[in-house]
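To start, the structure itself, in structure tokens.
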Amino acid sequence: MATIRYNTVLGGPTRKNDPQAYEGLMVAALPPGSVVGVNSAGGIVVAPTTGTPAIPLILRENMVGGGDITNDVPLGATGVALLTQDDVTYHVRVAASSVLTKFTPLAHNGAGALKVAIAGDVVLFHAWEAYTVASDGPELVAVRRASSSLFTKPTA
């Protein structure tokens, strides 16, 4: 990760019993802020790019294991994935060299990060800030989930 701009994956606000989370064993070591999914055995994996997830999941920092935003959640550890909500800001990994304006549509890039969506991609999130990600690796960027349970596809 090029620059550490945020100290947590959850940007807020939080209310009631939020955030809701899924706990599972890590199938691979992954950095916090990764877009993840759950495999058939209940383990946390990089999210697949095929199909539309019911709810996008974002890997939280390894607070149980003493890690922070700079440490990968290790293989075999219990990972905590946040079940994203429409009206909450998250700090999610966005691919290197991405040029974002506020509301840029973002899709999963297949490697645990988000990318600028193109025609045919399923839009999972929108940028919540204008930012250009450095060329030396993904960075955490403030995003919000696409405001629909049926995620949108860009037209151009």
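Here the structure is a predicted model, which means the values were calculated and not measured. Residue numbers run from 1 in the order of the sequence given.
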Quick one: pull up OG in Ser98 and CG in Leu106 and give me the separation to the nearest 0.5 Å. 7.5 Å

Side chain to side chain donor-acceptor pair (under 3.5 Å) involving Thr101 - partner list, sequence neighbours excluded: Thr104

For the backbone of [Y] and the side chain of [X], can you confirm whether one donor and one acceptor N or O come within less than 3.5 Å of each other?
X: Arg145; Y: Thr84; result: yes
X: Tyr22; Y: Leu57; result: no
X: Asp72; Y: Pro74; result: no

Run the numbers on Asp121 and His108 for side chain to side chain contact (heavy atoms under 4.5 Å, CB included), then give the verdict. CA-CA 8 Å; Asp121 285 340; His108 185 248; over 6 Å; no

Counterpart residues, side-chain contact (heavy atoms from CB on, under 4.5 Å), relative to [X] (two or more places apart):
X: Ala142; answer: Tyr6, Thr89, His91, Trp128, Glu129
X: Glu23; answer: Thr78, Val80
X: Thr132; answer: Val99
X: Ala96; answer: none

Using the side chain to side chain contact (heavy atoms under 4.5 Å, CB included) rule, take Val46 and Val36 through it: C-alpha gap first, then chi angles, then the decisive distance, then the call. CA-CA 4 Å; Val46 170; Val36 295; 5.8 Å; no

Would you indicate whether the side-chain heavy atoms of [Y] and [X] approach each other to under 4.5 Å?
X: Arg144; Y: Phe103; value: no
X: Ile44; Y: Leu25; value: no
X: Arg93; Y: Pro31; value: yes

How close do [X] and [Y] get, heavy atom to heavy atom, and via which atoms?
X: Phe125; Y: Val143; result: CD2-CG2, 3.7 Å
X: Pro32; Y: Asn71; result: CD-O, 3.2 Å
X: Gln85; Y: Gln20; result: NE2-N, 4.4 Å

Which Ile, Leu, Val, Met, Phe, Trp or Tyr residues join Val45 in one cluster when any pair of side-chain heavy atoms under 4.5 Å counts as a link? Val27

Checking Thr70 against Glu61 for the side chain to side chain contact (heavy atoms under 4.5 Å, CB included) test, could you report, in this order, the C-alpha distance in whole Å, the side-chain angles of both residues, the deciding distance, and whether it holds? CA-CA 8 Å; Thr70 64; Glu61 56 276 12; over 6 Å; no

Apply side chain to side chain contact (heavy atoms under 4.5 Å, CB included) to the pair Leu100 and Val141, showing each step before the final yes or no. CA-CA 9 Å; Leu100 308 172; Val141 174; 3.7 Å; yes

